[in-house]
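One structure below.
What you see below is based on every heavy atom in this structure, not just the backbone, and it leaves out hydrogens, waters and symmetry mates.
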Amino acid sequence: MHITVVDPTFGTGWDDWNQENELQRRSANDQPWSCACAKARTSRDLPVAVTGMSNTDRPLLDHENLDAYRVAIEFLALSVQLLEEIPKERRELRLQLERAAMSLPLNIAEGAGKPSPADRARYHGIARGSAMECATLLDVSRIMGVVQSKDVEQGKRLLSRLAAMLTRMCR
């Protein structure tokens, strides 16, 4: 399993919606991009795996411009694949991981829609807590022997990057 990770040094704050100016300032050769998400200006520019839908020419919504949201979606895609590996008998573990993973992009998106910095920070803090919960659930899954270590490490790399972004966004 391989999920591409977004560059965490680019566009990690509330002003992510203003990426277009930053992208125009940087040339393609100045920055090594790790995925097409970082250069996206419309939903057509995003991979279907990130948007979960067919690409259109519509402008991106505020939360879709946030790199933290994109990493959260990438983690959600990975967790959906991991859920298939977890036996049905481990229902509690499956449900908890599913809820926590879904909570990440949902809280980031809800925070992006709030008008005040304090409200945004609150939702981003909740998302950061969910990232910690997901990391713990990956550890539990590894200890129980229901997921492969390489998948856990890939998930924790995504979560580590996401937690760093969310920490900055909470300030």
Quiz prompt | Listed partners of Thr167 passing side-chain hydrogen bond (donor to acceptor under 3.5 Å, both in side chains), at least two apart | solution = Arg128
Quiz item: Donor-acceptor pair, Arg120 side chain versus Ala112 backbone, under 3.5 Å?
Solution: no
Quiz prompt | Nearest non-hydrogen partners of Val146 and Leu93, listed with the distance | solution = CG2-CD2, 3.9 Å
Quiz item: Can you name the residues that form a side-chain hydrogen bond (donor to acceptor under 3.5 Å, both in side chains) with Ser149, not counting sequence neighbours?
Solution: none
Quiz item: Are Leu166 and Leu78 connected in the hydrophobic side-chain network, where two residues link if heavy atoms are under 4.5 Å apart?
Solution: yes
Quiz item: What's the shortest heavy-atom distance between Ile108 and Ala127, and which atoms?
Solution: CG1-CB, 3.9 Å
Practice problem: Give every residue pair that meets the salt bridge (Lys or Arg N to Asp or Glu O under 4.0 Å) criterion with at least one member in residues 129-139, sequence neighbours excluded. | Solution: Asp139-Arg142, Asp139-Lys156
Self-check item: Test item: side-chain donor near acceptor, Gln154 and Arg157, under 3.5 Å
Solution: no
Quiz item: Going through the checks in order, is the side-chain contact (heavy atoms from CB on, under 4.5 Å) test met by Leu82 and Ser141?
Solution: CA-CA 10 Å; Leu82 292 177; Ser141 299; over 6 Å; no
Quiz prompt | By side chain to side chain contact (heavy atoms under 4.5 Å, CB included) - contacts of Ser130 (at least two apart) | solution = Ser103, Leu104
Practice problem: Work out which heavy atom in Tyr69 is nearest to a heavy atom in Ala109; give both atom names and the distance. | Solution: CE1-CB, 4.4 Å
Self-check item: Set of residues satisfying side chain to side chain contact (heavy atoms under 4.5 Å, CB included) with respect to Ser160, sequence neighbours excluded
Solution: none
Exercise. Quick one: list whatever passes side-chain hydrogen bond (donor to acceptor under 3.5 Å, both in side chains) with Arg122, sequence neighbours left out.
Key: none
Practice problem: Without swapping roles, check the side chain of Arg161 against the backbone of Val71 for a donor-acceptor pair under 3.5 Å. | Solution: no
Practice problem: For Pro115, enumerate each residue passing the side chain to side chain contact (heavy atoms under 4.5 Å, CB included) test, keeping only those at least two apart in sequence or located in another chain. | Solution: none
Quiz item: Can you tell me how far the CG atom of Leu162 sits from the CG atom of Asp67, to the nearest 0.5 Å?
Solution: 10.5 Å
Quiz item: Between Leu138 and Ile86, is there a shared hydrophobic cluster once you connect ILVMFWY residues whose side-chain heavy atoms come closer than 4.5 Å?
Solution: yes
Quiz prompt | All side chain to side chain contact (heavy atoms under 4.5 Å, CB included) counterparts of Arg91, not counting sequence neighbours | solution = Leu95
Quiz prompt | Heavy-atom closest contact (Leu159 atom, Ala135 atom, distance) | solution = CD1-N, 3.5 Å
Practice problem: Provide the closest heavy-atom pair for Arg70 versus Leu60 in the form atom of the first, atom of the second, distance. | Solution: NH2-CD1, 3.5 Å
Quiz prompt | Minimum heavy-atom distance between Gln148 and Glu85, given as atom pair plus value | solution = N-OE1, 4.0 Å
Quiz item: Does any pair with a residue in residues 102-113 pass salt bridge (Lys or Arg N to Asp or Glu O under 4.0 Å), and if so which ones, sequence neighbours excluded?
Solution: none
Quiz prompt | Side chain Glu64, main chain Leu61, donor-acceptor under 3.5 Å | solution = yes
Practice problem: Only one of Thr136, Val147, Leu83, Val140 passes side chain to side chain contact (heavy atoms under 4.5 Å, CB included) with Leu97; say which it is. | Solution: Leu83
Quiz item: Who else is in Leu106's hydrophobic cluster (ILVMFWY, side-chain heavy atoms under 4.5 Å, direct or via others)?
Solution: Leu76, Val80, Met102
Practice problem: Mind checking the CZ-OG spacing from Arg99 to Ser79? Nearest 0.5 Å is all I need. | Solution: 13.0 Å
Quiz item: Remaining members of Ile143's ILVMFWY cluster at a side-chain heavy-atom cut-off under 4.5 Å?
Solution: none
